[in-house]
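Remarks on the structure that follows.
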There are 2 protein chains.
Amino acid sequence: MTNIRKVAELAGVSVATVSRTLKTPDIVSPGTRDRVLAAVEQAGYRPNLMAVQFRSQRTRNLVVLVPTIANTFFARVIGGIQEMAQRRGYGILLCNTLGDERAERAYAGMVSTRQADGLIQLRAYDPFTASNGKTRPPMVNACEVLDEAPCPTVKLDNRAAARAVTEHLLALGHRRIGMIKGPRNSPLTRDRLLGFQDALAAAGLTPDESLWCPGDFTPPSGHRAAGDLLSRADPPTAIFCENDEMAMGAMRRIREAGLRVPEDISVAGFDDIAFASFCDPSLTTIAQPAEEFGREAVSLLLDIIDDRDDAADQHRIMPFELVVRESTGPAS
Amino acid sequence: MTNIRKVAELAGVSVATVSRTLKTPDIVSPGTRDRVLAAVEQAGYRPNLMAVQFRSQRTRNLVVLVPTIANTFFARVIGGIQEMAQRRGYGILLCNTLGDERAERAYAGMVSTRQADGLIQLRAYDPFTASNGKTRPPMVNACEVLDEAPCPTVKLDNRAAARAVTEHLLALGHRRIGMIKGPRNSPLTRDRLLGFQDALAAAGLTPDESLWCPGDFTPPSGHRAAGDLLSRADPPTAIFCENDEMAMGAMRRIREAGLRVPEDISVAGFDDIAFASFCDPSLTTIAQPAEEFGREAVSLLLDIIDDRDDAADQHRIMPFELVVRESTGPAS
DNA sequence: TGCATGAATGTAACCGGTTACATTTTGCTG
DNA sequence: CAGCAAAATGTAACCGGTTACATTCATGCA
């Protein structure tokens with residue numbers, strides 16, 4: 001392996017001069033500089049970044065904990081994370097946790113053990129809970145956010161967005177509205193449910209909890225839940241799904257039952273994934289700036305790492321937009 | 001920072017004993033072992049992995065170059081990579097390259113500079129081409145594979161798979177079959193096109209190149225290309241899309257034209273992404289073991305890294321399966 | 001010419017583990 | 001109890017950069 005000593009020897013200078021030529025060329029005399037650069041070229045020298053990182057105690061890597069990379073929305077968020085990280089000179093270590101807290105704590109250890117400089121968590125769980133009293137490693141919580149997050153957060157006003165969807169359905173004359181929820185115990189699911197109830201309450205309706213079905217954000221779970229709703233004696237005229245993937249599954253199930261969307265049943269989703277505008281019928285949903293979530297999370301995290309004073313307590317609320325497409329129509 | 005010397009002091013032993021207690025506990029006497037472990041506990045000691053990696057010249061990280069993480073198929077492949085890497089004790093550094101060769105070469109540098117131990121490339125490009133005569137860093141090329149890959153590869157027999165799809169369409173009586181291609185210059189696109197031609201030739205048909213439209217594997221490009229095909233004087237009765245995302249876009253466009261799938265036009269895709277079975281109509285496609293691509297790639301890469309002798313020249317062909325669903329039917 | 005000053009360069013400690021080799025301790029046998 | 005092998009532990013070099021501090025050298029001025 002060609003190291004800095006070999007280059008120094010080749011150029012007839014000391015290792016310090018080689019290091020300086022590469023890091024602060026202006027304090028090296030032009031003659032020496034050229035000689036060193038020629039030697040670098042000749043030896044095909046690339047600095048061993050492990051040594052650099054070790055010396056500087058900075059890896060310039062960030063750990064990202066993703067519940068499921070298979071989820072199209074998260075894929076977009078990761079795209080944004082990746083883009084901003086690259087721009088700022090950081091790499092990302094992707095960890096697909098499948099929501100397993102033990103795995104998340106293990107991955108979070110990569111920050112404690114200096115494999116990475118910070119962590120972005122896309123789920124509502126603090127993997128550093130158990131870390132005993134020590135200073136918290138740099139972390140940002142985005143997308144699905146803890147209520148009392150001990151770190152900066154980036155999230156949507158899920159309650160307001162869910163309310164907007166529900167109000168849209170109410171305005172179309174729907175009164176019995178089914179709900180396909182996300183995983184239990186999630187603040188995100190809870191907030192979307194609250195927004196849903198807010199809208200019903202504002203319209204003077206009492207919510208019917210028998211129309212709330214559990215799901216897990218995958219198309220099959222939406223399919224199953226919709227089947228459940230359709231089998232009721234008095235099925236809903238509209239279904240609000242907490243994400244688009246479940247909405248796609250639900251629409252499929254409705255058609256399998258011989259019913260049409262939106263003529264017989266309206267369906268709304270959440271996230272505005274790429275397929276939302278290409279499926280049939282195209283999906284009414286809430287558009288979120290997914291990539292922007294990622295970019296913002298990286299930005300906040302690097303603020304902590306470079307310890308900007310005001311960085312620790314930043315909480316960003318990202319904008320949403322109700323996108324009305326073909327899957328919702330007047331109540332029959 | 002608590003380091004190994006602090007722990008050694010606390011336990012009243014040498015740093016070597018601490019190191020041995022953690023790495024090879026069996027060669028340390030039980031009494032000392034307990035004392036050291038207690039000190040580790042008390043000090044809250046976590047080994048600095050940067051130091052470990054630096055010393056051992058192994059990062060236990062792998063770089064993954066992915067053309068677009070937004071593509072559902074790649075998301076599954078990455079899932080498989082991540083799973084196998086984790087199982088073998090490696091982390092993955094994800095790089096979303098968007099097909100930019102300059103970026104790919106830059107990321108590949110992470111291996112040359114020891115930020116990672118190896119690289120998985122999911123696109124047909126060798127980011128180490130320019131590296132002058134040196135020994136090639138460990139690399140595996142998967143999914144979209146170079147013809148004369150200088151490393152192990154994992155791929156599908158794209159030609160045979162495309163032929164299978166086309167034969168299915170021919171069997172349904174289709175004679176004018178449109179083709180929506182992937183990006184030019186891609187061996188993958190070329191092979192799928194060859195398989196398509198193989199089937200036509202075997203059926204005694206002469207291919208009509210005017211029915212081949214360019215696309216880029218995204219839904220909008222499929223949408224556009226389908227519009228193009230429909231505007232022909234004599235549009236095709238079936239369209240074979242080189243991936244599912246374009247097929248979704250194409251189906252959308254067909255319905256916008258007031259035509260039905262498959263009654264008026266059949267559509268077939270490639271990849272069998274999650275939505276293929278949930279869209280309307282569900283999509284006839286080629287199922288690929290996406291996660292298995294990822295797992296296999298990691299496996300081969302680690303074989304090279306641990307230099308198993310026979311590792312360098314392995315080429316895996318993964319199985320495919322034609323999945324016939326609702327989007328293809330008899331020619332009208 | 002002698003000396004001060006600053007620029008250029010060299011020397012070596014350092015980061016925190018690992019491990020070859022040296023040294024000490026333990027346990028066993030005759 | 002001597003003597004030896006094996007087990008346990010300690011010492012210090014090492015990985016490859018960075019950088020504080022030391023040293024050398026050139027320049028300008030009195």
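Proteins get letters first, then strands, A, B, ... in listed order; numbering begins at 1 in each. Keep in mind that the numbers below use all heavy atoms, side chains included, and drop hydrogens, waters and symmetry copies.
Mapping Ile27(A) and Arg5(A) onto DNA chain C by nearest heavy atom places Ile27(A) at the nucleotide closer to the 5' end. Comparing Arg46(B) and Thr17(A) along DNA chain C, the residue whose closest nucleotide (by nearest heavy atom) sits nearer the 5' end is Thr17(A). Each of Arg55(A) and Val13(B) was assigned the nucleotide of DNA chain D with the nearest heavy atom; the assignment lying further toward the 5' end belongs to Val13(B). Comparing Arg33(B) and Phe54(B), the nucleotide of DNA chain D nearest to each residue sits closer to the 5' end for Arg33(B).
Nearest heavy-atom pair across Leu119(B) and Ala108(B) is CD1-CA, 3.6 Å.
A side-chain contact (heavy atoms from CB on, under 4.5 Å) with Thr97(B) is found for one member of Val64(B), Leu122(B), Leu65(B) and no other, namely Leu65(B).
Nucleic acid contact for Ser19(B): base, since at least one base atom lies under 4.0 Å from a heavy atom of the residue. Among the protein residues, Ser29(B) comes within range of the sugar-phosphate backbone only, with heavy atoms under 4.0 Å from sugar or phosphate atoms but none that close to a base. Counting non-hydrogen atoms under 4.0 angstrom, Gln53(B) reaches nothing in the nucleic acid. If you check every strand for non-hydrogen atoms under 4.0 Å, Val18(B) touches nothing.
Here the side chains of Leu49(B) and Arg114(A) are not in contact, with every heavy-atom distance at 4.5 Å or above. The side-chain heavy atoms of Thr21(A) and Arg35(A), taken from C-beta on, include no pair separated by under 4.5 Å.
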Pairs of donor and acceptor atoms involving the side chains of residues 79-87 of chain B, under 3.5 Å and at least two apart or interchain, shall be tabulated with distances.
from: Gln82(B); atom 1: NE2; to: Tyr107(A); atom 2: OH; distance (Å): 2.8
from: Glu83(B); atom 1: OE1; to: Arg295(B); atom 2: NH1; distance (Å): 2.9
from: Glu83(B); atom 1: OE2; to: Arg87(B); atom 2: NH2; distance (Å): 2.8
from: Gln86(B); atom 1: OE1; to: Tyr107(A); atom 2: OH; distance (Å): 2.9

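Under a 4.0 Å N-O distance rule, the pair Asp306(B)/Arg58(B) qualifies as a salt bridge.
Using a 4.0 Å cutoff to heavy atoms of chain A, the contacted part of DNA chain C runs 5' to 3' from dA8(C) to dG16(C).
Atom-to-atom, CZ of Arg20(B) to C1' of dA7(D) comes out at 11 Å; the value is rounded to the nearest Å.
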